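All of these numbers come straight from a predicted model, not from anything done at the bench.
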Amino acid sequence: MAATKVPPLSRRRALLGLAALASTSCRRRGAPSPPDPAPAPATAKAAPSAWKELAFEPASGGEDPQRALLLAPAAAAGAPPLLVALHGRGEAVRGVEVGARGWRDDYALDATLKRLLAPPLAPEDLGGMVTRERLAQLNASLRDHPYAGLCIATPFTPDLRDRSVEGTAGFGRFVVERLLPRARAEGGCKAAREATGIDGVSLGGRLALLVGLSNPDVFGAVGALQPAVRASEAEMFSTLARRAMERHAVALRLVSSEADPFLPAIQAVSDRLRQDGVAHELLIVPGPHDYAWNRGPGGVEMVLWHERVQRGLSPP
């Protein structure tokens, strides 16, 4: 998939992006994302919860305990695909228990799943942050192929001091060697790489790219929502993606929004991917970098894209 064409940034948005990138350059190594605003209560009525909590004791003396939530579709036809969804820094700094529950409790993913099961979607299901054209595309996809469900695992996403490829390798090993086997065993999820994806928002989007593209033999689909990246890292991410694609074909997508302070950097990464011939998609939708966006376009775009791609369908 080629990167989509997007309109030029306004001066105001460009300045926002430069300010965000400048702020990250003064922080620790690894391009941390800015603190998210405190979450407000979700307004959408959530579907009854069927999440299972998973506890992981340290595998060695130097590790911290881990937690994750797992949701498996109750009425799935056959073994469903598996998505690992990573949360943002706002949950990471609030602890392991809060982080593991971030997509369910703070991002209202139950409400998103409930609406995907009962289309058509309305603008309010995406918090009003959707164009008429994009809403029509989403609903056409749901009309042609009803949403059939995913296993979704939401581990605690650590606020690592070193957010480089090397610095995130330990977290990647936890996801690949401990979380995935347990999620498949307890959720009845497919084990094929083509039916396994990873995604995340902000800090989680950055880690999803690093972990997913470092393990192309494990993940067939890698996405990132408003990932906390720098324009200066475009070559690094492109090299990582190119090496991954040389080993296995990976469906790759970057999603940002018009008022996302990371948009200029995300566009720079996409431009370098395109320059280097790395197949991917860049989607830019309305909205800011906040919890309302996570509960609206963020959750809908993440879940539907992975469910389509991992089932071998064309995404909207």
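With respect to the salt-bridge test (charged N to carboxylate O, under 4.0 angstrom), the residues Glu233 and Arg206 qualify.
To the nearest 0.5 angstrom, Leu86 atom CG is 6.5 Å from Leu207 atom CG. Note that CH2 of Trp103 and CG of Leu71 are 13.5 Å apart. Values are rounded to the nearest 0.5 Å. Atom CG of residue Leu225 and atom CG of residue Leu283 lie 9.5 Å apart, to the nearest 0.5 angstrom. Atom OG1 in Thr131 sits 9.0 Å away from atom CD in Glu258 (nearest 0.5 Å). Note that CZ of Arg115 is 4.0 Å distant from CG of Asp125, once rounded to the nearest 0.5 Å.
Taking each heavy atom of Gly188 and Ala79 in turn, the nearest pair found is O-CB, 3.3 Å. Pairing each heavy atom of Pro297 with each of Pro286, the nearest pair is CG-O, 4.4 Å. Nearest heavy atoms, Gly287 versus Ser257: O-OG, 2.8 Å. The minimum heavy-atom distance between Met129 and Pro288, with the atom names listed, is SD-CD, 3.6 Å. Nearest heavy-atom pair, Ala68 versus Pro155, reported as atom, atom and distance to 0.1 Å: CB-CA, 3.6 Å. Residue Ala221 comes nearest to Val309 through the heavy atom pair CB-CG1, 4.0 Å, listed as atom of the first residue, atom of the second, then distance.
One N or O on the side chain of Asp199 and one on the backbone of Ala224 form a donor-acceptor pair closer than 3.5 Å. Judged by distance alone, the side chain of Arg295 and the main-chain N or O of Tyr107 form no donor-acceptor pair under 3.5 Å. In this structure, Ser238 contributes its side chain and Ala234 its backbone to no donor-acceptor pair below 3.5 Å. A donor-acceptor pair under 3.5 Å links the side-chain atoms of Glu307 to the main chain of Ala148, judged by distance alone. Between the side chain of Arg193 and the backbone N or O of Phe219 there is at least one donor-acceptor pair closer than 3.5 Å.
Using modelled atom types and a 3.5 Å distance limit, the side chains of Asp110 and Trp51 yield a donor-acceptor pair. Side-chain contact annotation: Arg308 with Ser141, donor-acceptor N/O pair under 3.5 Å present. When only modelled atom types and interatomic distance are considered, Asp106 and His87 share no side-chain donor-acceptor pair under 3.5 Å. A donor-acceptor pair shorter than 3.5 Å can be found between the side chains of Ser164 and Glu166.
Screening Val130, Leu304, Leu142 for a side-chain contact (heavy atoms from CB on, under 4.5 Å) involving Leu121 leaves a single residue, Leu142.
With sequence neighbours excluded, the residues forming a side chain to side chain contact (heavy atoms under 4.5 Å, CB included) with Asp217 are Asn215, Arg247, His248, listed by chain and number.
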request  = Applying ring-ring contact (aromatic ring centres under 6.0 Å, His included), run through Phe262 and His289 and close with a yes or a no.
outcome  = CA-CA 9 Å; Phe262 290 106; His289 187 110; 5.6 Å; yes
ask   = Can you check side-chain contact (heavy atoms from CB on, under 4.5 Å) on Phe171 and Val176, steps first, answer last?
value = CA-CA 9 Å; Phe171 177 66; Val176 171; over 6 Å; no
task = Walk me through it: do Leu126 and Leu138 pass the test side-chain contact (heavy atoms from CB on, under 4.5 Å)?
result = CA-CA 11 Å; Leu126 291 92; Leu138 295 171; 4.0 Å; yes
inquiry  = Before you tell me yes or no, could you show the steps for Arg94 and Glu91 under salt bridge (Lys or Arg N to Asp or Glu O under 4.0 Å), namely the whole-Å CA-CA distance, both residues' side-chain angles and the distance that decides it to 0.1 Å?
reply    = CA-CA 5 Å; Arg94 292 160 63 203; Glu91 285 65 55; 3.4 Å; yes
request  = Report the C-alpha distance between Gln310 and Thr196 in whole Å, list the side-chain angles of each, state the deciding distance to 0.1 Å, and finish with yes or no for side chain to side chain donor-acceptor pair (under 3.5 Å).
outcome  = CA-CA 7 Å; Gln310 293 179 45; Thr196 306; 5.6 Å; no
message = As a quick check of understanding, evaluate salt bridge (Lys or Arg N to Asp or Glu O under 4.0 Å) for Glu177 and Arg173, giving each step before the final call.
response = CA-CA 6 Å; Glu177 298 174 6; Arg173 284 193 297 272; 5.2 Å; no
task = For salt bridge (Lys or Arg N to Asp or Glu O under 4.0 Å), just list the numbers for Arg101 and Glu53, CA-CA rounded to whole Å, side-chain angles, deciding distance to a tenth of an Å, and then say yes or no.
result = CA-CA 9 Å; Arg101 299 168 184 162; Glu53 300 206 15; 3.1 Å; yes
task = Kindly indicate, with the supporting measurements, whether the criterion side-chain contact (heavy atoms from CB on, under 4.5 Å) is fulfilled by Trp293 and Val285.
result = CA-CA 10 Å; Trp293 191 88; Val285 301; 3.6 Å; yes
key: Steps toward side-chain contact (heavy atoms from CB on, under 4.5 Å) verdict (Arg272, Phe237)   = CA-CA 9 Å; Arg272 184 55 188 258; Phe237 278 107; over 6 Å; no
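Follow the hydrophobic side-chain contacts under 4.5 Å out from Val165 and you reach Met245 in the same cluster. Hydrophobic cluster membership is shared by Val250 and Val229, with clusters built from Ile, Leu, Val, Met, Phe, Trp and Tyr side chains linked at under 4.5 angstrom. Side-chain heavy atoms closer than 4.5 Å link hydrophobic residues (I, L, V, M, F, W, Y) into clusters, and following such links, even through other members, never connects Val96 to Leu54. A continuous path of ILVMFWY side-chain contacts below 4.5 Å connects Met236 to Leu160, so both sit in one hydrophobic cluster. Hydrophobic cluster membership differs between Leu180 and Phe156, with clusters built from Ile, Leu, Val, Met, Phe, Trp and Tyr side chains linked at under 4.5 angstrom.
Counting heavy atoms from C-beta outward, Val255 and Trp305 have side chains that stay 4.5 Å or more apart. Looking only at side-chain heavy atoms (C-beta outward), Leu209 and Leu252 come within less than 4.5 Å of each other. Counting heavy atoms from C-beta on, the side chains of Leu83 and Met302 come closer than 4.5 Å. By the 4.5 Å heavy-atom criterion applied to side chains, Leu254 and Leu273 are counted as neighbours. Put simply, the side chain of Leu70 does not reach to within 4.5 Å of the side chain of Leu179, judged on heavy atoms. Inter-residue side-chain proximity for Lys190 and Pro80 is flagged as unmet; no heavy-atom pair is nearer than 4.5 Å. Proximity of Val269 to Ile266: side-chain heavy atoms (C-beta onward) are nowhere separated by under 4.5 Å. Looking only at side-chain heavy atoms (C-beta outward), Leu109 and Ile152 come within less than 4.5 Å of each other.
Other residues, nucleotides and ligands contribute over 12 non-hydrogen atoms within 6.0 Å of the CZ atom of Arg134. Counting non-hydrogen atoms of neighbouring residues, nucleotides and ligands closer than 6.0 angstrom, the CD atom of Glu235 reaches no more than 12 such neighbours.
Within the cation-pi definition used here (under 6.0 Å to the ring centroid, within 45° of the axis), Arg67 does not qualify as a partner of Phe56.
Among residue pairs with one or both ends in residues 129-179, those qualifying as disulfide (SG to SG under 2.5 Å) are Cys151-Cys189; sequence neighbours excluded.
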